[in-house]
Amino acid sequence: MIKTILLNNRPKGKPTISNFEFTTENDNLTIKEGEILLETAYVSVDPYLRGRMSDAKSYVPPFELNKPIQSGVIAKVISSKNKNFVEGDYVSGLLSWKTQQVSNGEGLLKVDGSKAPLSTYLGVLGMTGLTAYLGLNEIGKPKAGETIVISGAAGAVGSVVGQIAKILGLRVIGIAGTDEKIELLKTKFGFDAGINYNTSKDINADIAKVAPNGVDIYFDNVGGPISDAVLFNINRFARIIICGAISVYNNTELPKSISVQPFLVKNSALMQGFIVSNYADKFPKAMQKLSTWLTEGKLTYTETIVDGFDNIPNAFIDLFEGKNKGKMIVEI
Ligand code: NAP
């Protein structure tokens, strides 16, 4: 049987399991000339999918109700009538939450499991690794000796940003939600300091303590009060990279944040949002850099691997509870 996960209704606030519907169909999929049959191996769950579950204008159209949800997927080619793929190839691309599906191959990239574990093409060698590399370099323009603060630091994007910043010679401070994550940042990823935002009594003061020379770059994954606190510590000509705002993705009312303008004016600071696909022309070079660092052992990664197709929605929901360390991935 082929299993599919559909968007049943749009979440109000935090997503719940009732927003999803599981269906099954007989596994008699056939392929036409030019098509391939794919079997799903790994599914990426990502915070941005929350945005696509709402019926709101964004940089990608919303998911349609009663249609399969899509995300980054690694799949195995189990039969092919497309000259670009042979049986046994693995591909990466934006695919449906289905155990098997037919594709015409458009937008799919072949991935090589002998060079790196297949799951890494959804994380450090995939979309989140590229986001870290390109957001930091294109907007942050990091320079050795500067200080960077990263929120969501123990997640897929944040953990890679911090390591790249270390490679480039910066002082790196991470903000995350548990002491265990702070320990991981310092021991595995080489961060210089970490702040647990759940136990800190004053995040602004704690940043000042670990960043005595102020903050030159802020890589923002979370938004909300954590990001407000960072603003009090920015230096002249600081760069604030707005990658995401997970702390407000489930808000049902407009968030109450401080006014950023005085901080930006006073410090001649730059604040810029971005979507990784803005830099699609730079993907090959960035990928090469990330792979080289990985091979050289300068870059490492952590994954939280959840087992089983039926657990995809729960793995997604768990992102909002901080249950992942590094990239959250479901193995089918
Ligand atoms: P991730 O960091 O691996 O997972 C999400 C993490 O967010 C959780 O582990 C949790 O860690 C933290 N979190 C959840 N609720 C929070 C809250 N209320 N306040 C503070 N932290 C909270 O996810 P990711 O894939 O690397 O994505 C990180 C951010 O980058 C997201 O905002 C995402 O939308 C964005 N993103 C943007 C682009 C782009 O092109 N702009 C691309 C990829 C990702 P804690 O335990 O530390 O709370």
Side-chain angles (χ1 to χ4, degrees), residues 13-15 43-54 58-60 71-72 94 119 122-124 126-136 138-140 149-164 173-185 189 191 194-200 203 218-230 240-251 255 257 271-280 282-283 286 301-306 315-330:
K14 201 179 147 215
V43 173
S44 174
V45 288
D46 300 274
Y48 83 90
L49 299 172
R50 174 64 183 85
R52 293 198 69 189
M53 290 176 188
S54 297
S58 186
Y59 59 95
V60 271
S71 69
L94 196 62
S119 57
L122 295 176
V124 62
M127 189 272 283
T128 54
L130 291 169
T131 301
Y133 182 92
L134 291 163
L136 176 62
E138 297 300 317
I139 302 172
V149 170
I150 301 154
S151 57
V157 174
S159 58
V160 176
V161 173
Q163 293 180 82
I164 299 174
I173 296 156
I175 304 178
T178 65
D179 286 346
E180 199 190 343
K181 288 187 180 183
I182 299 300
E183 200 50 32
L184 183 77
L185 293 181
F189 298 126
F191 283 50
I195 296 166
N196 176 347
Y197 70 87
N198 280 315
T199 54
S200 168
I203 302 176
Y218 173 42
F219 196 105
D220 188 4
N221 284 311
V222 307
I226 295 171
S227 300
D228 291 349
V230 180
I240 300 163
I241 306 156
I242 307 293
C243 177
I246 192 168
S247 77
V248 298
Y249 287 173
N250 294 324
N251 278 21
S257 280
M271 179 181 262
Q272 189 182 328
F274 78 104
I275 300 300
V276 61
S277 52
N278 296 355
Y279 303 111
K282 300 195 157 75
F283 284 0
Y301 62 93
T302 290
E303 296 169 331
T304 299
I305 306 263
V306 171
F316 167 68
I317 293 166
D318 282 350
L319 289 170
F320 299 94
E321 297 284 332
K323 297 236 175 98
N324 61 307
K325 292 193 206 85
K327 181 77 191 93
M328 182 77 110
I329 290 170
V330 182

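Order of appearance sets the numbers: ligands from 1, and atoms from 1 within every ligand.
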Under 4.0 Å from ligand 1, counting heavy atoms only, is it the side chain of Met127, its backbone, both or neither? side chain
Atom 40 (O) of ligand 1: which protein heavy atom is closest, and how many Å away? Val276 N, 2.8 Å
Of Thr131, Ile275, Val222, Val161, which has the heavy atom at the shortest distance from atom 38 (C) of ligand 1? Thr131
Logged contact type for Ser151 with ligand 1, heavy-atom cut-off 4.0 Å, is neither
Which atoms from ligand 1 have a heavy atom of Ala245 less than 4.0 Å away? 32 (O)
Of all the non-hydrogen atoms in the protein, which one sits nearest to atom 14 (C) of ligand 1, and at what distance? Leu319 O, 3.4 Å
Heavy-atom distances under 4.0 Å decide this one: backbone, side chain, both or neither, for Phe320 against ligand 1? backbone
Would one find an N or O of Ala156, backbone or side chain, under 3.5 Å from an N or O of ligand 1? yes
Where ligand 1 meets Phe274 - atom numbers and elements under 4.0 angstrom, heavy-atom basis: 39 (C), 41 (N)
Which heavy atom of the protein is the closest neighbour of atom 2 (O) of ligand 1, given with residue, atom name and distance? Gly155 CA, 3.3 Å
We want to know whether Asp46 and Tyr48 form a side-chain donor-acceptor pair, criterion being a heavy-atom distance below 3.5 angstrom. no
To the nearest 0.5 angstrom, please state how far the CZ atom of Phe274 sits from the CD1 atom of Ile241. 7.0 Å
Looking at Val222, is its backbone amide N or carbonyl O close enough to the side chain of Ser247 to form a donor-acceptor pair, meaning the two atoms are under 3.5 Å apart? yes
Of the protein's non-hydrogen atoms, which lies at the shortest distance from atom 27 (O) of ligand 1, and what is that distance? Pro47 CG, 3.7 Å
So which atom in Pro15 and which in Phe316 form the shortest heavy-atom distance, rounded to 0.1 Å? CG-CE2, 3.6 Å
Considering only heavy atoms, does Ile246 approach ligand 1 within less than 4.0 Å through its side chain, its backbone, both, or neither? both
Give the atoms of ligand 1, by number and element, whose distance to some non-hydrogen atom of Ser247 is under 4.0 Å. 17 (C), 18 (N), 19 (N)
Measure the distance from atom 37 (C) of ligand 1 to every protein heavy atom, then report the residue, atom name and distance (to 0.1 Å) of the closest one. Cys243 O, 3.0 Å
To the nearest 0.5 Å, what is the distance between CG (Asn198) and CD1 (Ile175)? 11.5 Å
Given 3.5 Å as the limit, does a donor-acceptor pair link the side chain of Thr131 with the main chain of Met127, or not? yes
Check for a donor-acceptor pair, side chain of Thr128 on one end and backbone N or O of Val157 on the other, with a separation under 3.5 Å. no
Less than 3.5 Å between some nitrogen or oxygen of Asn324 and one of ligand 1, yes or no? yes
Going by the order shown, which atoms of ligand 1 are within less than 4.0 Å of some heavy atom of Gly326? 3 (O)
Stepwise, does the side chain to side chain contact (heavy atoms under 4.5 Å, CB included) test hold for Leu319 with Arg50? CA-CA 10 Å; Leu319 289 170; Arg50 174 64 183 85; over 6 Å; no
Indicate yes or no for a side-chain donor-acceptor contact from Ser257 to the backbone of Gly224 under 3.5 Å, with no hydrogens or angles considered. no
Tell me the contacting part of Glu321 for ligand 1: side chain, backbone, both, or neither, using a 4.0 Å heavy-atom threshold, strictly below. neither
Nearest 0.5 Å, please: how far is CD1 in Ile275 from OH in Tyr59? 4.0 Å
Numbered atoms of ligand 1 (with element) below 4.0 Å of Ala176, judged on heavy atoms: 47 (O)
Contact partition for Asn221 relative to ligand 1, non-hydrogen atoms under 4.0 Å: both
Considering non-hydrogen atoms of the protein only, which is the closest contact for atom 45 (P) of ligand 1, and what is the distance? Lys181 NZ, 3.5 Å
Can you tell me if Glu180 has over 12 outside heavy atoms packed within less than 6.0 Å of its CD? no
For atom 21 (N) of ligand 1, grab the closest protein heavy atom and report residue, atom and distance to one decimal in Å. Tyr197 OH, 3.3 Å
Worked verdict on Lys327 versus Ser44 for side chain to side chain donor-acceptor pair (under 3.5 Å): CA-CA 8 Å; Lys327 181 77 191 93; Ser44 174; 3.0 Å; yes
Atom 34 (O) of ligand 1 [closest protein heavy-atom partner, distance rounded to 0.1 Å]: Tyr249 OH, 2.8 Å
Hey, does Thr199 have a side-chain heavy atom less than 4.5 Å from the side chain of Asp179? yes
For Gly244, take its heavy atoms, then give the atoms of ligand 1 lying under 4.0 Å from any of them. 32 (O), 35 (C)
Would you check if there is a donor-acceptor pair between the side chains of Asn221 and Ser151 at a distance under 3.5 Å? no
Minimum non-hydrogen distance to atom 24 (P) of ligand 1, winning option of Leu49, Val157, Leu130: Val157
